[in-house]
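Note sheet for the following structure.
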Number of protein chains: 2
Amino acid sequence: MHLQKYERIPRATIARLAVYVQELEVMEQQGIKVISSEKLAWSCGVNPSQIRKDLAYFGEFGVRGVGYYVYELREAIKQSLGMDRTWNVVMVGVGNLGRALLRHHLLRKRGFVIVAAFDCDPFKIGEEIAGIEVQCTSKLPQSTIDMGVEIGIITTPPERAQRAANYLIEGGIKGIVNFAPSRITAPENVVVEYVDFIHNLFSVAFNITQHQIKGLL
Amino acid sequence: MHLQKYERIPRATIARLAVYVQELEVMEQQGIKVISSEKLAWSCGVNPSQIRKDLAYFGEFGVRGVGYYVYELREAIKQSLGMDRTWNVVMVGVGNLGRALLRHHLLRKRGFVIVAAFDCDPFKIGEEIAGIEVQCTSKLPQSTIDMGVEIGIITTPPERAQRAANYLIEGGIKGIVNFAPSRITAPENVVVEYVDFIHNLFSVAFNITQHQIKGLL
DNA sequence: TGTATATTGTTAAAAATTTCACTATGCACC
DNA sequence: GGTGCATAGTGAAATTTTTAACAATATACA
């Protein structure tokens, strides 16, 4: 029997679990009912043990000798990750990226509902994007408190990211996803996550170079 | 003296080095000429030893008893990472996210020049975004070969990501950054990197929940 | 020129993560 | 019901990554 463990769960595990859900959904659409850790691992590009280990943090979801029931596993992971609820999100900074995210229906599909957007540019205030009216950033703290928002997305230019974060913190936000390429400081009880896809481009660029060097040896 | 090592460099190191560059640039703008690993670590949110270790993969860039010269270090890292050159990039899939990336001037600033954009939607073909005309995807392989493109960005819907990847591979691309939430398969010699910021939102959501659970105990 | 101080580069230890190997168990078929 | 096969769960081993500790060395100043 599985006992609830209070081990710290690796961040990488969380990221992988989200990938598993993604691939399980594809399989479900293809009508696949049962999947083994080996096959799932193959399509997620990881090791089968890794999958079993990752799942073991949360419980026992499979049937020995059989595999995992696709639907059940997907639901179990979603529940474990808190993917089975919706989260109210606000956005600070309505530039190109912000607009794209506001229009990104996958966010809502995944349970992240952007309930308000803020910008300090008077030309942008009042503009409506994907059904959301851009408001003045000064209104942010009160709004987030009123609407019970838990997550803030920062899509400002880097030099304004900290200020955006301060507003969010003042508004009692619990977590921040910062798309601006700059570090921010926040109190211990606020979860901060950084997203910078330029890093991924560098990673690819670097690996291309390495590949070529290795090829020469 | 530093001997060139042919150790495998952790992916995490590469990501951190990009962050160091980012923070060093901020410091340079503030007129800071010399920085210690401790202070840089503080502003990057990492451990000082980590910084020294990361740098040690590439050489010796500091002065004992003094620290690192900001400008020199930045340049050294950029060179080590291949950030000192430009890379020609093509994009497949011109949706919301694609458009945002096309207009994202930070990409160009960082040396990633989007030289062409492709989509299979006839309504999008011919449209011009940020000075780039959207072309039919069927033209992709020949174009990338002709233009010597090395990196491809996939911003299609997930179900079309593999097809996009196939075109890119056919076009002799060396690396792919896949923004679509689906795994793709590519030959060994093609570097693939996945970007999915929804994972980051999940990570924040999960950590918020965990925080709250921990708070209750 | 010597000494104190600061801080890097580097080696060793610790911690975290991944992979392996094996045990347990469920199902299908005889 | 028993036997063989497939595959999950799990503890241990291997590997990787991070952190700590310290030796080397540059600067400042007596």
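In what follows, every chain begins at residue 1, and chains take the letters A, B, ... in the order their sequences are listed.
- In this structure, A:Ile77 atom CD1 and D:dA8 atom C1' are separated by 14 Å, rounded to whole Å.
- Residues B:Phe112 and A:Phe202 bring their aromatic ring centres within 6.0 Å.
- The shortest distance between the side-chain N/O atoms of A:Arg52 and the OP1/OP2 oxygens of C:dA24 is not below 4.0 Å.
- Between B:Ser36 and A:Val46, the residue whose closest nucleotide on DNA chain C is further toward the 5' end is B:Ser36.
- Nearest nucleotide to the side chain of B:Gln50, out of D:dT7, D:dT18, C:dT10: D:dT18.
- In terms of phosphate contacts, B:Arg16 brings a side-chain nitrogen or oxygen within less than 4.0 Å of OP1 or OP2 of D:dT18.
- Note: OH (A:Tyr57) to C1' (D:dT10) measures 12 Å, nearest angstrom.
- In this structure, A:Tyr68 reaches the D:dG9 phosphate: one of its side-chain N or O atoms is under 4.0 Å from OP1 or OP2.
- Side-chain atoms of A:Ser80 come within 3.5 Å of backbone N or O of A:Ala76 as a donor-acceptor pair.
- Across all strands shown, A:Ile35 has heavy atoms under 4.0 Å from sugar-phosphate atoms exclusively, and none from any base.
- Rounded to whole angstrom, the span from the CD atom of A:Glu60 across to the P atom of C:dA24 amounts to 14 Å.
- If you check every strand for non-hydrogen atoms under 4.0 Å, B:Ser37 touches sugar and phosphate atoms only.
- Nucleotides of DNA chain D nearest to A:Glu38 and B:Thr13 differ in position, and the one nearer the 5' end is that of A:Glu38.
- Of the candidate nucleotides C:dT17, C:dG9, D:dT17, D:dT17 has the atom nearest to the side chain of B:Arg8.
- One can place CD of A:Glu72 at 14 Å from C1' of D:dA8, the figure rounded to the nearest angstrom.
- Within 3.5 Å, a donor on the side chain of A:Lys53 pairs with an acceptor on the base of C:dT19, or the reverse.
- Set against C:dG26, D:dT27, C:dT18, the side chain of A:Val63 has C:dG26 as its closest nucleotide.
- Taking the side chain of B:Arg64 as heavy atoms from C-beta on, and the options C:dC20, D:dT19, C:dG9, the nearest nucleotide is C:dG9.
- With respect to B:Arg52 and B:Glu38, no salt bridge is recorded, no charged nitrogen being found less than 4.0 Å from a carboxylate O.
- Within 4.0 Å of B:Ser49, counting heavy atoms only, lies at least one base atom of the nucleic acid.
- Residue A:Phe61 contributes atom CZ, which lies 17 Å from atom C1' of D:dT7 at whole-angstrom precision.
- Aromatic ring centres of B:Phe179 and A:Phe197 lie closer together than 6.0 Å.
- Using a 4.0 Å cut-off between a side-chain N of Lys or Arg and a carboxylate O of Asp or Glu, B:Arg163 and B:Glu170 do not qualify as a salt bridge.
- The residue A:Gly65 sits close to a base: some heavy atom pair falls under 4.0 Å.
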